[in-house]
Number of protein chains: 2
Amino acid sequence: MSAPPARAATIVDVARAAGVSRQTVTRALHDMPGINPATRERVLAAARELRYHPSRFGRGLVKPAARTLGLVVGDLANPYYGELASAVLGLAAARGWHVVMAEAAGAPGLAAGADAVIAFTGTEFPDPAVGAPNLPVVEVDPPRPHPGRARVVFERTAASAQAVEHLLARGSRRPVVLDVTTPPGGSSRAAAFVAAFRTRGVEPHLAHRTSAFSHLPAGTDAVVAHNDLDGFRLLRELHEARRAVPREVRVVGVDGLAVGDFCTPRLSTLAIDLAEVARAALDLVLELTEAPAGAPPPVRVVEHVFRAREST
Amino acid sequence: MSAPPARAATIVDVARAAGVSRQTVTRALHDMPGINPATRERVLAAARELRYHPSRFGRGLVKPAARTLGLVVGDLANPYYGELASAVLGLAAARGWHVVMAEAAGAPGLAAGADAVIAFTGTEFPDPAVGAPNLPVVEVDPPRPHPGRARVVFERTAASAQAVEHLLARGSRRPVVLDVTTPPGGSSRAAAFVAAFRTRGVEPHLAHRTSAFSHLPAGTDAVVAHNDLDGFRLLRELHEARRAVPREVRVVGVDGLAVGDFCTPRLSTLAIDLAEVARAALDLVLELTEAPAGAPPPVRVVEHVFRAREST
DNA sequence: CTGAAAGCGCTTACAG
DNA sequence: CTGAAAGCGCTTACAG
């Protein structure tokens, strides 16, 4: 009927089409009292015809708007980030905040649409704060912390030591620690395991995250995977190679995924309470927006916990 | 140093603090040419001190802003929704769109922050379009489609028939179909399986999604789970009960999760290409905003595929 | 029941 | 190099 408009219809377009003033359009659209029913119908029809949808910006300028939190996460297809996102979304909804999300590559765009950003990617990513000075940013377990920035730190020392203790007590002597960095051993999670093994007089072999079991040193009797997903893959490979888990080889994951409880054998893992992580990150956002300028960046620590299941 | 401000600082606060005009503040903040370096430093310092962060609304009104897509999903801790969200985020980033996300409960708030909404929850959820007339909404596989609304329909007939054929060919005769609805059998995915079994002269038993295997009829030799996660749980229960899969009992999931490939036994499943689903949904959003008023709601169909792995 | 005016916070020409 | 003016789309008092 009408040609597609070159630009989106505004309130004045609707007013003109209905032959009324802007305020009357507002009244009709918001079901406000004191408007002639016939007038309202006419306005609503015009709005429909023009596909009028009020501009978020016009409205935001004039009414108190919901805060919008930016959330940068790693690969959402990994349930780890899904669980975290779910926790953040829940807390944000409870506070009436909106959440704009992006995976690492989309981080730079976020600043334009958010009042504050939480970044949790596991890998390095484009800084969301470039071109957005003074944007409050909270980093979660950053591989390379940005100095002066608020962050949630993951503490792994105790849990790694516990896991190592557990492996050694069960007889493992030739462990391998898998890692994302090149050379392996550069990430804080791998470093925590290596330190724990060394403290107990065992020198672990280091290999890259993606190494197949068949390429690890002969005699390997324990593997610390980079994360649970990698742990699953490893268990699968061991199953196909007919290696008994945990008798011949023990496997530890990192992340504490809920699905790890349903695979066979159940994957032992370093778990972290993602609901607590989400809460800490949101608290920091709040703290950041209220702290005086120049205050030292706030930090929260969340502890990993070793959860022994069947694979060790 | 300064007391926390009652309201966020605006550009005029910064201008006043630095003793310049608003335009000069804009120039300093955006690294524009033609500004005295000393002036710029003074402005930047004032902005930092006041924690000034430009309002999205003021800016959005005056510069062409990124489109913002609302995405309502089911439980993100389920990798199924994570994979879909990941696909949507990727496509949106490629088009320069922002994405505000919410889980089902947060849907009503979304309308205020989005230009269009894609809803994919698997369950019923509060309508995001209340109070937001003319908001373009695309529903993905809605349990109860909203009449007149654009949607992506999941076609399961062929894939269900294939799965059923596969089960019968391997000797299953006493199948159970698990479902979310009360009574079971009300969802389209369960209905497709039931119809497929009946076509082949087999009457499946229906039970609620959460039923333990031990509560299913004696002699049950095949189970169609509501989704892959339920399938994993079932496999785990069968493992603990020492029932051989697939020899004694065959299990089929629905969703096609990537992790299903790493659990043992690998879960056979009805898979759907979530990247294709995401693409279809985004296409519909575009179509919706360009179609003339009163046009019939566009629909896209995406086919499930039966993926036989080890559990059948 | 309806409309003219003011103002939210910002940027973009345009003057000086 | 810096500032006064106009205007983006909307809502909220205030008049009539």
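Only a predicted model underlies this, so the values are computations on that prediction, with no experimental measurement involved. We name chains A, B, ... by the order of the sequence lines, and we start the count at 1 in each one.
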Q | For DNA chain D, the dot-bracket pattern of Watson-Crick and G-U pairs whose distances stay under 3.5 Å, | for other-strand partners | A | |||.||||||||.|||
Q. Would one find a side-chain N or O of B:T39 under 4.0 angstrom from OP1 or OP2 of D:dT2?
A. yes
Q.
The side chain of A:R27 is closest to which nucleotide in this list: D:dG9, C:dC10, C:dG3?
A. C:dG3
Q: Pick base, sugar-phosphate or nothing for A:T26, based on heavy-atom distances below 4.0 Å to the nucleic acid.
A: base
Q: Pull out every residue in residues 30-38 of chain B that has a heavy atom closer than 4.0 Å to any atom of DNA chain C, ordered by number, or say none.
A: B:H30
Q.
Does D:dG9 have its OP1 or OP2 closer than 4.0 Å to a side-chain nitrogen or oxygen of A:S55?
A. no
Q.
For a quick test of reading the model: is some side-chain N or O of A:T24 closer than 4.0 Å to OP1 or OP2 of C:dG3?
A. yes
Q. Which nucleotide sits closest to the side chain of B:R22: C:dT11, D:dA13, D:dC10?
A. C:dT11
Q.
Between B:T10 and C:dG9, is there a contact of a side-chain N or O with OP1 or OP2 at under 4.0 Å?
A. no
Q: Could you check which of D:dT2, D:dG9, C:dT11 has an atom nearest any side-chain atom of B:V62?
A: C:dT11
(Q) Using the salt bridge (charged side-chain N to carboxylate O under 4.0 Å, His left out) definition, which of the options B:R144, B:R149, B:R151 pairs with B:E139? (A) B:R149
Q. Which nucleotide in the list C:dT11, C:dA5, D:dG9 gets nearest to the side chain of A:Q23?
A. C:dA5
Q) Should B:K63 be listed as having a side-chain N or O under 4.0 Å from OP1 or OP2 of C:dT12? A) yes
